[in-house]
Amino acid sequence: MTAKKFAAAAAALTAALTAFSCGNSSSSSAKDESPRSSTFFAMDTVMTLTAYGDGAEEALADSEALVKELEGKLSATDKNSDIRRINSSSGGAVETSPETALLISKALEYADSTGGALNICLYPVLTAWGFTTGEYRVPTDDELEKLLENTDYRRVSVSGSEVSVPEDYMLDLGALAKGYTSDRIVEEMRDAGVKSAIVSLGGNVQALGLKPDGSKWKVAIRDPFEPETDMCVVEVGEKAVITSGNYERYFTADDGTRYWHIIDGFDGRPADNGIVSATIIGDSGLECDALSTATFVMGWPEVKTFMASRPDLEAVFATDEGEIYYTPGLEGSFKALNGREGKAISYD
Ligand code: AMP
Ligand code: MG
């Protein structure tokens with residue numbers, strides 16, 4: 001991202017967060033509840049953290065340091081990261097930080113519970129498409145078939161902080177690292193005594209507490225068909241609201257076909273199963289991030305069966321036919337924008 005693009009994205013994000021986080025409280029009490037924000041670039045995206053009240057300033061600085069520390073462990077490209085060491089281990093066991101091992105074992109659990117829709121072994125496939133290098137191309141079927149031989153997540157093993165993958169396997173935690181990071185930021189802020197905060201890590205939003213005036217947060221979800229605008233707003237309390245969208249990273253081939261960065265591990269091609277945007281709302285950023293990617297891959301209407309089994313989560317899905325569906329629990333807190341309409345999912 002160029003400096004100019006970064007500045008524009010940062011300004012837009014700050015404006016959006018201010019719009020939905022300041023509310024309409026105009027009273028000026030003695031207590032300082034004004035927002036403090038910091039915007040920076042990490043994990044390949046623009047992050048904006050906003051915290052209110054006592055300790056906010058310090059908590060923001062500590063959170064930024066925490067993000068950089070986690071990035072150093074979890075990035076697939078950072079030279080000394082745990083993931084990079086695993087990926088160049090030629091099949092040997094690698095001692096990692098406890099966080100990396102935890103995240104990998106959690107990812108394996110989500111892979112199981114989503115029937116393999118989440119698969120952290122797709123790095124070689126993502127590279128073949130150019131998503132890890134920016135050198136975009138359409139791989140041949142033969143090439144994909146061969147690469148898929150080394151993507152069986154059940155062959156990854158974690159024992160304590162030791163991780164082993166077979167030779168030629170490469171891991172990528174891109175689908176869930178940001179969600180884990182927002183969990184950690186919220187924890188850091190809570191420990192610092194902050195009561196009210198909202199963080200946006202490239203569109204992954206997570207809240208601590210309620211707004212200082214006691215009302216809920218309004219979180220906007222991008223319109224996948226017009227990504228400069230929003231398709232809806234959801235009102236939430238202390239929740240993570242995490243979206244996977246086909247507009248986040250993609251390239252357009254000479255014939256006009258769009259190829260995006262979320263891969264269906266069954267054929268090695270960008271997941272094109274009827275969903276173009278999947279948002280999961282729940283208590284854990286890590287879980288919401290893992291499941292936003294997984295539900296995107298599952299597709300519509302198959303995802304309904306999965307959501308019916310998880311009444312503790314809410315979700316919003318946009319289909320490739322332009323329809324928006326939300327879980328019934330969001331009735332009253334979902335508001336469509338852009339002249340769109342949303343429908344509550346029916347599980348019959
Ligand atoms: P997200 O934006 O959270 O949906 O994560 C997308 C990122 O996860 C991609 O940029 C890849 O690094 C990685 N990824 C793509 N497809 C999958 C998949 N099926 N399972 C797990 N990770 C994936
Ligand atoms: Mg995700």
Side-chain angles (χ1 to χ4, degrees), residues 43-47 71 74-78 81 83-84 87 103-104 106-134 136 144 147-148 151-154 156 169-183 200-206 221-222 224 227 240-251 259-273 275-282 284-299 302-303 306 313 315-318:
M43 299 186 173
D44 220 13
T45 195
V46 179
M47 304 191 165
E71 183 175 26
L74 304 175
S75 155
T77 48
D78 194 304
S81 75
I83 298 303
R84 190 68 186 262
N87 290 351
L103 215 50
I104 294 173
K106 280 288 189 188
L108 298 176
E109 281 173 34
Y110 292 125
D112 271 337
S113 71
T114 62
L118 185 86
N119 183 349
I120 54 167
C121 298
L122 296 173
Y123 193 79
V125 178
L126 285 154
T127 301
W129 286 95
F131 288 112
T132 61
T133 58
Y136 298 119
L144 290 175
L147 290 171
L148 287 175
T151 58
D152 180 357
Y153 69 87
R154 286 162 299 197
V156 176
Y169 270 54
M170 290 182 115
L171 304 185
D172 163 35
L173 299 182
L176 65 171
K178 290 205 290 276
Y180 174 71
T181 302
S182 57
D183 279 339
S200 170
L201 314 189
N204 280 6
V205 174
Q206 190 160 348
I221 301 174
R222 284 217 182 286
V241 181
I242 296 194
T243 301
S244 293
N246 72 342
Y247 52 88
E248 282 168 346
R249 186 164 305 167
Y250 63 88
F251 69 95
Y259 297 99
W260 48 83
H261 66 135
I262 301 174
I263 302 290
D264 187 331
F266 298 96
D267 61 8
R269 306 180 69 81
D272 193 10
N273 302 323
I275 289 181
V276 291
S277 164
T279 299
I280 303 290
I281 303 169
S284 153
L286 166 59
E287 176 162 74
C288 292
D289 201 0
L291 296 181
S292 67
T293 310
T295 51
F296 186 107
V297 174
M298 283 175 197
E302 287 73 9
V303 75
F306 180 77
L313 300 173
V316 179
F317 302 109

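Just so you know, these numbers use all the heavy atoms, side chains as well, and skip hydrogens, waters and symmetry mates. Atoms within each ligand, like the ligands themselves, are counted from 1 in listed order. Computed from a predicted structure; not experimentally measured.
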Taking the Mg ion (ligand 2) as the centre, how many protein N/O/S atoms fall inside a distance shorter than 2.8 Å? 4
If a pair satisfies salt bridge (Lys or Arg N to Asp or Glu O under 4.0 Å) and one of its residues is in residues 117-133, list it, with sequence neighbours excluded. none
If we ignore hydrogens and angles and just use 3.5 Å, is the side chain of T295 paired with the main-chain N or O of V303 as donor and acceptor? no
Per-pair distances, ligand 1 N/O vs protein N/O, less than 3.5 Å:
| unit_1 | atom_1 | unit_2 | atom_2 | d |
| --- | --- | --- | --- | --- |
| ligand 1 | 3 (O) | A175 | O | 3.3 |
| ligand 1 | 3 (O) | D289 | OD1 | 2.9 |
| ligand 1 | 3 (O) | T293 | OG1 | 3.0 |
| ligand 1 | 4 (O) | S244 | OG | 2.6 |
| ligand 1 | 4 (O) | T293 | OG1 | 2.7 |
| ligand 1 | 8 (O) | A175 | N | 3.2 |
| ligand 1 | 10 (O) | H261 | ND1 | 3.1 |
| ligand 1 | 12 (O) | D172 | OD2 | 2.6 |
| ligand 1 | 16 (N) | I263 | N | 2.9 |
| ligand 1 | 19 (N) | A117 | O | 3.1 |
| ligand 1 | 19 (N) | I263 | O | 2.8 |
| ligand 1 | 20 (N) | N119 | N | 2.9 |
| ligand 1 | 20 (N) | N119 | O | 3.2 |

Under a 3.5 Å distance rule, please check whether N119 uses its side chain to pair with a backbone N or O of T151 as donor and acceptor. yes
Determine yes or no for a side-chain-to-main-chain donor-acceptor pair under 3.5 angstrom, with W129 supplying the side chain and W260 the backbone. no
Output all residues satisfying ring pair (Phe, Tyr, Trp, His ring centres under 6.0 Å) with Y169, sequence neighbours left out; order by chain, then residue number. none
Cationic N near anionic O, under 4.0 Å, R154 to D152: yes
In this structure, CD1 of I263 is separated from CG of D272 (nearest 0.5 Å) by 11.0 Å
Under 3.5 Å donor-acceptor, N273 side chain and V297 backbone: yes
Just checking Y250 against F131, ring centres under 6.0 Å apart? no
